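First comes the structure, then the notes that go with it.
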Amino acid sequence: KVRTHWLVAVIGLGFAAWAPTAHAQGVGFLTEQQRLASYCAGVSEARMLEMNDFLKSQCTGKSTRKECRDTAEELEKAKIRDRRLWDYLTRQIFTSRDQGSRERILAQKAIAKGNSDWLACKVRDPAKRPEDLLICRESRGCLIDARFGFLDQ
């Protein structure tokens, strides 16, 4: 009897020690919101770099050209969206105890895909309309604020 109780106690302690570790390993996938936020963080990064490069090369000094004003305005809006995306990703994936390395890797891959898709859309064959290419439709979808209602304001 004592041996059985001891065995049950050891198994119970082993399970208690294992359970938090298993829980911290995550579920092995990203939710649709996490995937969208990750992908769009990559799009945002590529897009902001593009806008910064344009402003530095084409809008030196206090340029009053409409393209410069519009790009500067759009960059400020993009920075806000980007900050919200990264706050969400940091909280939900990168610092969450509920997520494991698999989820972090999946998020990083989605970020890289978003970045790559935005750039690929920009260098597409000029004869092809962006609406006709899936990568363009997906990456441009990141510009629709209504898709991000799950982010904190």
Side-chain angles (χ1 to χ4, degrees), residues 14-153:
F15 180 74
W18 171 80
T21 305
H23 185 66
Q25 290 177 0
V27 292
F29 62 88
L30 300 176
T31 66
E32 184 57 28
Q33 290 176 344
Q34 292 167 337
R35 189 206 62 77
L36 176 64
S38 298
Y39 179 83
C40 289
V43 169
S44 178
E45 178 184 321
R47 190 168 165 257
M48 287 194 319
L49 284 172
E50 180 182 286
M51 287 188 281
N52 267 326
D53 288 347
F54 174 79
L55 290 171
K56 285 179 183 175
S57 66
Q58 302 294 319
C59 304
T60 56
K62 301 246 184 208
S63 178
T64 58
R65 287 181 22 220
K66 181 175 175 14
E67 304 92 0
C68 295
R69 285 192 321 264
D70 290 349
T71 302
E73 238 177 69
E74 192 57 38
L75 180 59
E76 288 309 309
K77 289 178 189 175
K79 285 179 182 178
I80 293 167
R81 182 184 296 127
D82 188 68
R83 187 171 44 251
R84 290 174 58 208
L85 284 167
W86 280 104
D87 287 348
Y88 175 82
L89 290 173
T90 299
R91 212 175 40 256
Q92 291 289 314
I93 299 170
F94 294 111
T95 61
S96 173
R97 291 183 181 196
D98 295 336
Q99 302 295 352
S101 61
R102 175 144 169 78
E103 290 80 10
R104 287 189 267 291
I105 290 168
L106 289 171
Q108 291 166 349
K109 286 181 180 180
I111 291 167
K113 181 172 179 5
N115 194 306
S116 175
D117 284 359
W118 180 264
L119 296 174
C121 183
K122 289 298 176 182
V123 297
R124 73 185 183 284
D125 179 356
K128 291 188 179 187
R129 297 177 336 157
E131 300 80 30
D132 295 338
L133 298 173
L134 179 61
I135 59 170
C136 293
R137 288 193 310 268
E138 285 184 353
S139 61
R140 286 178 168 207
C142 292
L143 306 180
I144 302 169
D145 281 329
R147 296 182 78 184
F148 300 104
F150 60 90
L151 297 176
D152 292 337
Q153 296 296 328

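Owing to the predicted nature of the structure, the values given are computational and were not obtained by experimental measurement.
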Could you pull out the closest heavy-atom pair between [X] and [Y], with the gap in Å?
{"X": "Cys68", "Y": "Gln58", "value": "SG-O, 4.0 Å"}
{"X": "Arg84", "Y": "Phe148", "value": "NH2-O, 3.6 Å"}
{"X": "Ile135", "Y": "Ala120", "value": "CD1-CB, 3.4 Å"}
{"X": "Val43", "Y": "Cys142", "value": "CG2-SG, 3.9 Å"}
{"X": "Leu30", "Y": "Ser38", "value": "CD1-OG, 4.3 Å"}
{"X": "Phe94", "Y": "Ala107", "value": "CZ-CB, 3.8 Å"}

### Check ion pair Lys128-Asp125 (N to O, under 4.0 angstrom)
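Salt bridge: no.
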### Message
I'd like to know if Asp87 and Arg83 make a salt bridge, using a cut-off of under 4.0 Å between side-chain N and carboxylate O.
### Response
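No, Asp87 and Arg83 are not salt-bridged.
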### Task
State, without any angle test, whether Asp82 and Ser44 hold a side-chain donor-acceptor pair at a distance under 3.5 Å.
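On atom types as modelled, these side chains qualify, holding a pair under 3.5 Å.
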#### Entry: Polar side chain donor-acceptor pair, Trp118 to Glu45, under 3.5 angstrom
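On atom types as modelled, these side chains do not qualify, holding no pair under 3.5 Å.
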I need the [X] [atom1] to [Y] [atom2] distance, nearest 0.5 Å.
{"X": "Gln99", "Y": "Ile93", "atom1": "CD", "atom2": "CD1", "answer": "6.0 Å"}
{"X": "Arg102", "Y": "Phe29", "atom1": "CZ", "atom2": "CZ", "answer": "10.5 Å"}
{"X": "Leu89", "Y": "Leu151", "atom1": "CG", "atom2": "CG", "answer": "8.5 Å"}
{"X": "Glu73", "Y": "Lys77", "atom1": "CD", "atom2": "NZ", "answer": "5.5 Å"}
{"X": "Leu133", "Y": "Glu138", "atom1": "CG", "atom2": "CD", "answer": "11.0 Å"}
{"X": "Asn52", "Y": "Lys79", "atom1": "CG", "atom2": "NZ", "answer": "6.0 Å"}

#### Entry: side chain to side chain contact (heavy atoms under 4.5 Å, CB included) evaluation trace for Arg140 with Glu131
CA-CA 9 Å; Arg140 286 178 168 207; Glu131 300 80 30; 4.0 Å; yes
### Task
Please tell me if the side chains of Arg124 and Pro130 come closer than 4.5 Å, counting only heavy atoms from C-beta onward.
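In contact.
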Any donor-acceptor N/O pair, [X] side chain to [Y] backbone, under 3.5 Å:
{"X": "Arg147", "Y": "Ile144", "value": "no"}
{"X": "Arg47", "Y": "Gly42", "value": "no"}
{"X": "Arg35", "Y": "Ala110", "value": "no"}

### Task
Could you tell me if the ring centre of Tyr88 sits under 6.0 Å from that of Phe150?
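Ring centroids of Tyr88 and Phe150 are less than 6.0 Å from each other.
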